[in-house]
Asks: 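Below is the structure I would like to discuss, written out as structure tokens.
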Amino acid sequence: MSNVRVRFAPSPTGFFHIGSARTALFNWLYARHTGGTFVLRIEDTDKERNKQEYLDVIYDSLRWLGMDWDEGPGIGGAYGPYFQSQRNDIYAQYLQKLHDAGRTYEKDGAVWFRLEGERSVEFDSYKGCEVEKVDAAPVVINDAIRGRVERAETQDFVIIRSNGEPVFHLVNVIDDIAMGITHVIRGEDHLSNTSKHVLLFEAFGAQVPVFAHMPLILKDPSIGKGKMSKRDRGALIEEYRERNFIPEAVRNYLCLLGWNPKDDREILEIDEVARLFELEAINKDNARFDEKKMAHINTEHLRALSVDSFVEKSIPVLSKAGLWTPETDAEYVRNVMELSQGKARSFEDLAEYVSYFFSETYAEDPKARTNLFKKGEPLVRLAEALQCLEGIAEWTAESLQKAFDDLAQTYGHDKPFAWFPVIRFSVSGVSGGPDLIPMLVVMGRGMVLARMKAFLSKES
RNA sequence: GUCCCGUUCGUCUAGCCCGGCCUAGGACACCAGGUUUUCAUCCUGGCGACAGGGGUUCGAAUCCCCUACGGGAUGCCA
């Protein structure tokens, strides 16, 4: 156990942004890498946002991505409470220290933090008014990712609003001090705030934590410019959950956005990532979100799943699509899934991919149909196949294989593939799917022959 | 406007700190072949980048400077 303490401090907004997820993930990884403590703190200063359902979005998303917190809501810990809305006494105590040190004053009903340095009044052409500027010494930030960053604050800033509520900068710093946070890992959008924060840490006489400002996630170029916002397609974790992405895959992709293991591996176990993870290895430049790459990582994870786990994950998907009920034969489901795992690209597509296995009615793909009838005599081939398959004694892969070999022999076509496409289409309505023979075996003699007959009589 | 951060294939990135092994590697996407009796996989190949300009050096993607571009901040939001 190390003394590293990191925190993830989301505000309950009712959604969980992919950038937040990555910030949480990098904090979590650092805690796991160092054997430190991962704290979850809820920044619910805005009372409107303090709704249980909003909180659940945060908890559910973190759990879904496998990020367990060591201290925080539902867990407890020695540094609680973990909701900012319950920490007013602590803020008041800390504020008093600032008062005593002469670093605060009131103006316009708000409490301001006083900078130290020569003061002068200047005309700010950007704001279009006169402002009081302070010639304060530049703040030096030794950022674990960016190195030395120097930035000067030039104006006093509000720490308590005129309505009595403390602002983010104040409570954030107080909480980090009071909770013993040693490393602040957050998005680069906070880098400019950090000079304020350092000043506050120093004014409190507290040790300044190590800062690590990670690059932002930018929109996919096809969507637009700038950092990804909650309104952008693909920006919300809930979306991937609903689309049945594999959480390990989403997490894996997020790891790769701004960090990599320095070799060419991309599909990684989270334990391995935690072992290798270093703040210094995080990239400096912003990353662009790429849906296709994420889908690919998801497919890789899907392929790597054990059959048991693939089946288990497929049940809710099938159920939602109305293809599965508790009465559905478990062995049949498993057999179908075994055929499909290496073929389907995602659980999102799975239901459609296997629908004809579970439903008596299934749609015909018009394009596949056109291609099928474009050449040859598919119906004649189907009739030949039907007659042959009706005659086989045992419905196994071997006997089916032999039947097709015989068919080729008898009718003189050079390859059994003269029969394959039309059989496939007649029993499934589509041109693609699992390997034909194993698929026919799994479907069973009854279903296959009935569908072939039905198709023939419908088309003749 | 000001301040801060950044800049290697369309995208994610390796290489940069400790200059030569880089005719810049991998992955996604895309394109073309091949394997596969169907379907999908898979394999091979192709396309494709050191933002630009100055230095320093025998030698620069790697060090320095400038410019351009991108991002962020500039709130009594978080």
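Basis for what follows: all heavy atoms, side chains included, without hydrogens, waters or symmetry-related copies. In what follows, every chain begins at residue 1, and chains take the letters A, B, ... in the order their sequences are listed. These figures come from a predicted structure and were not determined experimentally.
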Asks: Counting only side-chain nitrogens and oxygens, does Asn260(A) get under 4.0 Å of the OP1 or OP2 atom of A14(B)?
Replies: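 Answer is yes, contact under 4.0 Å.
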Asks: Can you tell me which residue among Tyr82(A), Tyr59(A), Trp28(A) is in a side-chain contact (heavy atoms from CB on, under 4.5 Å) with Trp69(A)?
Replies: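 Between Trp69(A) and the candidates, side-chain contact (heavy atoms from CB on, under 4.5 Å) is satisfied uniquely by Tyr59(A).
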Asks: Does Glu118(A) have more than 12 heavy atoms from other residues, nucleotides or ligands lying within 6.0 Å of its CD?
Replies: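 Counting neighbours around CD of Glu118(A), 12 or fewer heavy atoms of other residues, nucleotides or ligands fall under 6.0 Å, so no.
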Asks: Counting side-chain heavy atoms from C-beta on, which of U38(B), C28(B), U13(B) comes nearest to His296(A)?
Replies: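 Selected nucleotide (nearest to the side chain): C28(B).
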Asks: Now, which nucleotide makes the Watson-Crick or G-U wobble pair with U56(B), with each of the two distances under 3.5 Å?
Replies: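 Base-paired to nothing in any strand shown.
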Asks: How long is the line joining CG of Asn163(A) and C1' of C77(B), in whole Å?
Replies: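 Distance, rounded to whole Å: 12 Å.
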Asks: Side-chain donor-acceptor contacts of residues 427-435 of chain A below 3.5 Å, not counting sequence neighbours, with atom names and distances?
Replies:
unit_1: Ser428(A); atom_1: OG; unit_2: Arg424(A); atom_2: O; d: 2.7
unit_1: Ser428(A); atom_1: OG; unit_2: Val430(A); atom_2: N; d: 3.2
unit_1: Ser428(A); atom_1: OG; unit_2: Val430(A); atom_2: O; d: 3.3
unit_1: Asp435(A); atom_1: OD1; unit_2: Lys343(A); atom_2: NZ; d: 3.4

Asks: Hunt down the Watson-Crick or G-U wobble partner of G48(B), both distances under 3.5 Å, from any strand shown, or write none.
Replies: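 WC or wobble partner does not exist here.
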Asks: Between Arg303(A) and Arg424(A), just flag the one whose closest nucleotide in RNA chain B comes earlier from the 5' side.
Replies: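 Its nearest nucleotide being more 5', the pick is Arg424(A).
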Asks: Have a look at Ala110(A) and say if it touches a base, only the backbone sugar-phosphate, or nothing, with a 4.0 Å heavy-atom cut-off.
Replies: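 Here Ala110(A) touches the bases of the nucleic acid.
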Asks: Assign Gly432(A) to base, sugar-phosphate, or nothing according to its heavy-atom contacts below 4.0 angstrom with the strands shown.
Replies: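 Sugar-phosphate contact only - Gly432(A) comes under 4.0 Å of backbone atoms but never of a base.
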Asks: For A78(B), does OP1 or OP2 lie under 4.0 Å from any side-chain N or O of Arg161(A)?
Replies: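 Yes.
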Asks: Is the Tyr362(A) to Phe357(A) ring centre distance short of 6.0 Å?
Replies: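 Centroid distance Tyr362(A)-Phe357(A): not below 6.0 Å, so no.
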Asks: Between Arg345(A) and U41(B), is there a contact of a side-chain N or O with OP1 or OP2 at under 4.0 Å?
Replies: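 Checking U41(B) against Arg345(A), a side-chain N or O does come within under 4.0 Å of OP1 or OP2.
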Asks: Test Arg7(A) against every option in Asp175(A), Asn172(A), Asn27(A) by the side-chain hydrogen bond (donor to acceptor under 3.5 Å, both in side chains) rule and name the one that passes.
Replies: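 One option only clears the test, and that one is Asn172(A).
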Asks: Taking only N and O in the side chain of Lys219(A), is any of them less than 4.0 Å away from OP1 or OP2 of G70(B)?
Replies: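 So the side chain of Lys219(A) is outside the cut-off, no N or O lying under 4.0 Å from OP1 or OP2 of G70(B).
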Asks: Measure from the side-chain heavy atoms of Lys293(A) and tell me the nearest of G72(B), C3(B), C12(B).
Replies: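 Nearest listed nucleotide: C12(B).
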Asks: Please give the distance between the C1' atoms of U56(B) and G70(B) as a whole number of Å.
Replies: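 My reading of the C1' atoms in U56(B) and G70(B) gives 28 Å.
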Asks: Can you tell me, in whole Å, how much space there is between the P of G48(B) and that of U57(B)?
Replies: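 Roughly 36 Å separates the two P atoms.
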Asks: Side chain of Asp264(A) only, please: which of C76(B), C39(B), G25(B) is the nearest?
Replies: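 Looking only at side-chain atoms, Asp264(A) lies closest to G25(B).
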Asks: If you check the Glu43(A) side chain, which of G71(B), G6(B), A78(B) turns out closest?
Replies: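 Of the candidates, A78(B) comes closest.
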Asks: Would you jot down, in residue-number order, the residues of residues 189-199 of chain A having a non-hydrogen atom under 4.0 Å from RNA chain B?
Replies: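 Asp189(A), His190(A), Leu191(A), Ser192(A), Asn193(A) - these, ordered by number, are the residues of the stretch whose heavy atoms sit under 4.0 Å from the strand.
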Asks: Is the centre of the Phe26(A) ring less than 6.0 Å from the centre of the Phe8(A) ring?
Replies: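 Not close enough - the centres of the two rings lie 6.0 Å or further apart.
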Asks: Base, sugar-phosphate, or nothing: which does His213(A) touch, judged by heavy atoms less than 4.0 Å apart?
Replies: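 It contacts nothing in the nucleic acid.
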Asks: Considering only heavy atoms from C-beta outward, does the side chain of Phe245(A) approach that of Met294(A) to under 4.5 Å?
Replies: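 Touching, per the 4.5 Å side-chain cut-off.
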Asks: So what does Ile423(A) touch, heavy atoms closer than 4.0 Å: a base, only the sugar-phosphate, or nothing?
Replies: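 Nothing: the residue Ile423(A), judged by heavy atoms under 4.0 Å, touches no strand.
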Asks: Given the P atoms of U13(B) and G54(B), what is the spacing between them in whole Å?
Replies: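 Each nucleotide's P atom is 30 Å from the other's.
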Asks: Select one nucleotide: of C39(B), A27(B), G71(B), the one nearest the side-chain heavy atoms of Leu218(A).
Replies: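 Looking only at heavy atoms from C-beta outward on Leu218(A), the closest nucleotide is G71(B).
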Asks: On a plain distance test, is the side chain of Ser431(A) in donor-acceptor contact with the base of C39(B) below 3.5 Å?
Replies: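 When only heavy-atom distances are counted, Ser431(A) does not reach the base of C39(B) through any donor-acceptor pair under 3.5 Å.
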Asks: Is the distance between the ring centroids of Phe168(A) and His197(A) under 6.0 Å?
Replies: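 Distance test on ring centres: under 6.0 Å, yes.
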Asks: Nearest to the side chain of Phe420(A) - G6(B), U37(B), A78(B)?
Replies: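 From the listed options, U37(B) comes nearest.
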Asks: Among U38(B), G6(B), A14(B), which nucleotide sits nearest the side chain of Lys262(A)?
Replies: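 My answer, after comparing the listed nucleotides, is A14(B).
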Asks: Of the listed nucleotides (C76(B), U37(B), G6(B)), which one gets closest to any side-chain atom of Ile437(A)?
Replies: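 Among the listed nucleotides, the one closest to the side chain of Ile437(A) is U37(B).
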Asks: Asp435(A) side chain: which of G10(B), U38(B), U8(B) is closest?
Replies: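 Nearest to the side-chain atoms of Asp435(A), counting from C-beta on, is U38(B).
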Asks: Is Asn283(A) near enough to U13(B) that one of its side-chain N or O atoms lies under 4.0 angstrom from OP1 or OP2?
Replies: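 Yes, Asn283(A) has a side-chain N/O under 4.0 Å of OP1/OP2 on U13(B).
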Asks: Should we say atom CD of Glu280(A) is surrounded by more than 12 heavy atoms from elsewhere, each under 6.0 Å from it?
Replies: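 More than 12 heavy atoms, drawn from other residues, nucleotides or ligands, come within 6.0 Å of this atom.
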Asks: Return the pairing partner of U7(B) with a 3.5 Å limit on both distances, Watson-Crick or G-U wobble; otherwise return none.
Replies: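 Base partner found: A68(B).
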Asks: Measuring from the side chain of Val149(A) (C-beta onward, heavy atoms only), which nucleotide among C5(B), U74(B), A78(B) has the closest atom?
Replies: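 It is C5(B).
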Asks: Between Leu216(A) and Lys292(A), which residue's closest nucleotide on RNA chain B lies nearer the 5′ terminus?
Replies: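 Looking at the nearest nucleotide for each, Lys292(A) comes out on the 5' side.
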Asks: Please give the distance between the P atoms of G10(B) and G52(B) as a whole number of Å.
Replies: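 Nearest-Å result for G10(B) against G52(B) at atom P: 13 Å.
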Asks: Contact class for Gly258(A) vs. all strands (heavy atom < 4.0 Å): base, sugar-phosphate, or nothing?
Replies: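 If one applies the 4.0 Å heavy-atom cut-off, Gly258(A) turns out to touch the sugar-phosphate alone, with no base involved.
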Asks: Can you check the distance between C18(B) and G71(B), where both ends of the measurement are the C1' atom (answer in whole Å)?
Replies: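 Looking at atom C1' only, C18(B) and G71(B) are 30 Å apart.
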Asks: Between Asp176(A) and Arg41(A), does any NZ, NE, NH1 or NH2 come within less than 4.0 Å of an OD or OE carboxylate oxygen?
Replies: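 So Arg41(A) pairs with Asp176(A) through a salt bridge.
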Asks: Can you tell me, in whole Å, how much space there is between the C1' of A14(B) and that of U74(B)?
Replies: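 36 Å, rounded to whole Å.
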Asks: Mind checking if Gly226(A) touches a base, just sugar-phosphate, or nothing, with heavy atoms under 4.0 Å?
Replies: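 Gly226(A): backbone/sugar contact only, no base atoms under 4.0 Å.
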Asks: Roughly how far apart, to the nearest Å, are C21(B) and C65(B) at atom P?
Replies: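 It works out to 25 Å between them.
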Asks: Sort out the partner of U2(B) for me: Watson-Crick or G-U wobble, both distances under 3.5 Å, none otherwise.
Replies: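 For U2(B), the partner nucleotide comes out as A73(B), under the 3.5 Å rule.
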